[in-house]
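Structure first, commentary second.
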Amino acid sequence: MLTLKYIQENAELIIERLKVKNFDASAIVQQINEENNKRKETQLQVDALKAEMNKLSKEIGMLFKDKKIDEANAAKSKTAELKDEIKALDTSFAEIDSKLNALLVQIPNVPHELVPFGKTEDDNVEIKSGGSMPTLYEGNQPHWELIQKYDIIDFELGTKLTGAGFPVYKGKGAKLQRALISFFLDEAENAGYNEIMPPILVNEDSGFGTGQLPDKEGMMYHATVDNLYLVPTAEVPVTNIYRDVILNEDQLPVKNMAYTPCFRREAGSWGAHVRGLNRLHQFDKVEIVQIAHPDKSYEILDEMVAHVESIINKLKLPYRIVRLCGGDTSFTSAMTYDFEVYSAAQERWLEVSSVSNFETYQANRLKCRYKGKDMKKPELAHTLNGSALALPRILAALLENNQTPDGIRIPEVLVPYCRFDTIK
RNA sequence: GGAGAGUUGCCGGAGUGGUCGAACGGGGCAGUCUCGAAAACUGUUGUACUUUCGAGUACCGGGGGUUCGAAUCCCUCACUCUCCGCCA
């Protein structure tokens, strides 16, 4: 969420910029100002009363010490009224405070000035493309047919064991998953990221810290007996490592990566565009996460984009990078780049990575701060994350784009990991 | 799952009803000394909100309660440790 201070100092700018996200913030900003004024007023009163109470209590203590019991008891009787007043004001302060908080979490992150206006993905701006389009042979097939043909991924078996959207990877399909995960982790390691293997169940506080809770509760699987949530992305546990942490300025940037399975309930529709591997309830992903100095975060965003691009290049997939328009940029993000790879048999672009700078928006919820030598107070850090990469759609594109009448060719970089070069 | 003991600042650790945001030790930072360093000595060292910029308020695992007054007493939840049980 945005900080109160920032909202107060930049109300006009926020309202103007959020139009890019098609969000009218004017009413909420006004309500926030009103609540905040009430809050200040109440705090002023309650603090004064408490100060008086503290003073009285000390005096009573002294009187008892001096054995002036009667005087002490007289003073005691005076406190009752004060106590009631304090209690009442404390209650209304808490109410105002939670109202204010509820308002604050409703304002999306302010988009960066480069984020274009727009409502849907059609308004995203392509900033780069690369790789060469494959020309497939006559009779090529989409991946959902290929996986059956070579018996490497079994959706029906997954349905038997769990339900729709939980595929079973078999034989070379399973090995290919393992190979991709190892390859992605090694690439991230070479780029200076520290490997983390986090829990894949998280508590409520963590869900709140990265913004999945309270609003997007429906996206996560909930283990209700223990009140834990299955992670929708490694971003949640890995970013929450820094919840309530004050880092030293010289520790920045913190570069972590993690492989986890990801679980998404995805209540949305199921149709032609979400066939096969295009949308799953459980999938694998390697995530890169950075905690950055505010002055460096956009430089770092570019670095992260370059990292993802290098991986896709090594896999020799045709891709394009788009800067998301306001309408497509998520609630919490200030700027997001999406990577799409071309799926030749489906003849469409598949989103395989999303790299975002959240600036201080997540950090404010997390209370993730840094402090430098010459700083009086800690400041909020910037958080960034990106998929590097999500497996299923990469796999779909690899299978489709590399199919030949004699089988599916494995990209060279993966062969040492797979220890086979063709799926026949 | 059963029984018991705990949770205090950057770390260790004292504090069982009042002057405690908290002894003492370590660490960090600044200074003295030194060509420099070490040692020694001196000082300093949490976060948040409010502020008429003097200060005020809150925080000793979380929440609630008792009391004029709670780190300290009570309730509750979470976590940690020890023993028993179970177990990859």
Side-chain angles (χ1 to χ4, degrees), chain A residues 1-9 32-105 197-209 213-214 223-229 237 240-252 254 360 363-381:
Chain A
M1 60 194 189
L2 299 175
T3 63
L4 197 53
K5 196 175 166 212
Y6 184 74
I7 293 171
Q8 298 207 289
E9 288 169 1
I32 285 173
N33 275 327
E34 283 167 17
E35 288 303 320
N36 189 39
N37 287 336
K38 271 199 244 170
R39 184 175 171 274
K40 279 187 191 177
E41 207 179 299
T42 312
Q43 186 178 351
L44 215 58
Q45 289 175 28
V46 84
D47 278 3
L49 289 178
K50 281 182 181 171
E52 204 181 327
M53 189 71 160
N54 287 343
K55 210 175 127 208
L56 266 176
S57 294
K58 271 188 193 170
E59 282 169 13
I60 292 169
M62 297 301 276
L63 288 173
F64 273 121
K65 218 170 208 173
D66 298 343
K67 308 270 190 225
K68 297 177 183 166
I69 309 294
D70 290 345
E71 280 180 60
N73 282 328
K76 252 188 185 182
S77 62
K78 276 194 253 174
T79 60
E81 202 181 319
L82 259 179
K83 219 175 160 184
D84 287 346
E85 267 184 84
I86 288 172
K87 203 165 189 180
L89 278 172
D90 258 342
T91 308
S92 68
F93 181 85
E95 275 168 19
I96 293 165
D97 198 51
S98 71
K99 214 190 248 179
L100 184 60
N101 234 21
L103 288 167
L104 283 171
V105 297
M197 196 177 267
I200 56 177
L201 283 160
V202 293
N203 60 26
E204 245 178 342
D205 285 346
S206 294
F208 183 82
L213 294 174
T224 52
V225 175
D226 296 296
N227 197 24
L228 297 172
Y229 295 87
N240 270 284
I241 293 172
Y242 302 94
R243 169 154 49 85
D244 296 319
V245 167
I246 300 175
L247 292 153
N248 277 326
E249 192 173 19
D250 56 21
Q251 290 176 274
L252 300 176
V254 175
T360 60
N364 188 34
R365 277 193 167 211
L366 292 160
K367 297 284 168 280
C368 169
R369 293 166 291 174
Y370 72 97
K371 194 169 176 182
K373 233 180 154 184
D374 303 320
M375 292 164 65
K376 277 205 174 122
K377 287 179 147 234
E379 300 268 354
L380 291 171

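So you know, we letter chains A, B, ... as the sequences are listed, proteins then strands, and number each from 1. A quick note: this is a predicted structure, and the numbers were derived from the prediction, not measured.
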Hey, is the side chain of [X] poking within less than 4.0 Å of OP1 or OP2 on [N], counting only N and O atoms?
{"X": "A:N73", "N": "B:rC68", "answer": "no"}
{"X": "A:R369", "N": "B:rU47", "answer": "no"}
{"X": "A:N248", "N": "B:rG28", "answer": "no"}

Toward the 5' end of RNA chain B, which comes first, A:L56 or A:L44, by nearest nucleotide? A:L44

The residue, A:K55 or A:Q43, whose nearest nucleotide of RNA chain B is more 5′ is A:Q43

Convert the base pairs of RNA chain B into dot-bracket notation, remembering that pairs crossing earlier ones are written with [ ] and that bases paired across to another strand are shown as |; include only Watson-Crick or G-U pairs under 3.5 Å. ((((((((.[[[..)..(.....]]]((((((.......))))))(((((....))))).[[[[[..)....]]]]])))))))....

Say you draw a straight line from [atom1] of [X] to [atom2] of [Y]; how long is it, rounded to the nearest 0.5 Å?
{"X": "A:Q8", "Y": "A:T3", "atom1": "CD", "atom2": "OG1", "answer": "9.0 Å"}
{"X": "A:K99", "Y": "A:D97", "atom1": "NZ", "atom2": "CG", "answer": "12.0 Å"}
{"X": "A:S98", "Y": "A:L103", "atom1": "OG", "atom2": "CG", "answer": "9.5 Å"}
{"X": "A:N101", "Y": "A:I96", "atom1": "CG", "atom2": "CD1", "answer": "13.0 Å"}
{"X": "A:L82", "Y": "A:E52", "atom1": "CG", "atom2": "CD", "answer": "5.0 Å"}
{"X": "A:L56", "Y": "A:K78", "atom1": "CG", "atom2": "NZ", "answer": "6.5 Å"}

Any side-chain donor-acceptor pair under 3.5 Å between A:N203 and A:S206? yes

Under a 4.0 Å heavy-atom cut-off, which of residues 45-53 of chain A touch RNA chain B? A:D47, A:K50, A:A51, A:M53

At a heavy-atom distance below 4.0 Å, what parts of residues 75-94 of chain A sit against RNA chain B? A:K76, A:T79, A:K83

Give the table of side-chain donor-acceptor pairs shorter than 3.5 Å for residues 365-372 of chain A, with sequence neighbours excluded, one pair per line with atom names and distance.
from	atom 1	to	atom 2	distance (Å)
A:R365	NH1	A:F208	O	2.7
A:R365	NH1	A:L213	O	3.0
A:K367	NZ	A:N364	O	2.5
A:K367	NZ	A:N364	OD1	3.4
A:Y370	OH	A:H293	NE2	3.4

What closest approach, in Å, do [X] and [Y] show between heavy atoms, and which atom pair accounts for it?
{"X": "A:I60", "Y": "A:A75", "answer": "CG1-CB, 3.7 Å"}
{"X": "A:N240", "Y": "A:G209", "answer": "OD1-CA, 3.9 Å"}
{"X": "A:L100", "Y": "A:I32", "answer": "CD1-O, 3.7 Å"}
{"X": "A:P237", "Y": "A:P198", "answer": "CB-CB, 3.6 Å"}

Measure from the side chain of A:F64, starting at C-beta and using heavy atoms only, and say which of B:rG18, B:rU50, B:rA58 lies closest. B:rG18

Short heteroatom pairs, N/O only, protein and nucleotides 85-88 of chain B, under 3.5 Å:
none

Nearest whole angstrom, please: distance from the [atom2] of [N] to the [atom1] of [X].
{"X": "A:L4", "N": "B:rA48", "atom1": "CG", "atom2": "P", "answer": "14 Å"}
{"X": "A:D226", "N": "B:rA78", "atom1": "CG", "atom2": "P", "answer": "10 Å"}
{"X": "A:D66", "N": "B:rG18", "atom1": "CG", "atom2": "C1'", "answer": "13 Å"}
{"X": "A:D205", "N": "B:rG61", "atom1": "CG", "atom2": "P", "answer": "17 Å"}
{"X": "A:M375", "N": "B:rC29", "atom1": "CE", "atom2": "P", "answer": "18 Å"}
{"X": "A:E379", "N": "B:rA48", "atom1": "CD", "atom2": "P", "answer": "10 Å"}
{"X": "A:E204", "N": "B:rG63", "atom1": "CD", "atom2": "P", "answer": "15 Å"}
{"X": "A:N101", "N": "B:rA48", "atom1": "CG", "atom2": "C1'", "answer": "14 Å"}

Using the [atom1] atom in both, what is the distance from [N] to [M], to the nearest Å?
{"N": "B:rC53", "M": "B:rG46", "atom1": "P", "answer": "24 Å"}
{"N": "B:rG6", "M": "B:rA38", "atom1": "C1'", "answer": "40 Å"}
{"N": "B:rC86", "M": "B:rG2", "atom1": "C1'", "answer": "12 Å"}
{"N": "B:rC29", "M": "B:rC79", "atom1": "C1'", "answer": "33 Å"}
{"N": "B:rC83", "M": "B:rU45", "atom1": "P", "answer": "43 Å"}
{"N": "B:rA14", "M": "B:rG85", "atom1": "P", "answer": "32 Å"}
{"N": "B:rU72", "M": "B:rG61", "atom1": "P", "answer": "8 Å"}
{"N": "B:rC24", "M": "B:rA39", "atom1": "C1'", "answer": "22 Å"}

Residue pairs involving residues 83-94 of chain A (criterion side chain to side chain donor-acceptor pair (under 3.5 Å); sequence neighbours excluded): A:K50-A:D90

Do A:Y229 and A:L201 make a side-chain contact, defined as non-hydrogen atoms from C-beta onward lying under 4.5 Å apart? no

Kindly label the base of B:rG31 as syn or anti, based on whether its glycosidic torsion lies within 90° of 0. anti

Answer yes when A:E35 and A:K38 have at least one side-chain N-carboxylate O distance shorter than 4.0 Å, and no when they do not. yes

Is it the case that more than 12 heavy atoms not belonging to A:M197 sit under 6.0 Å from its CE atom? no

Would you indicate what A:K371 reaches in the nucleic acid, counting non-hydrogen atoms under 4.0 angstrom: base, sugar-phosphate, or nothing? sugar-phosphate

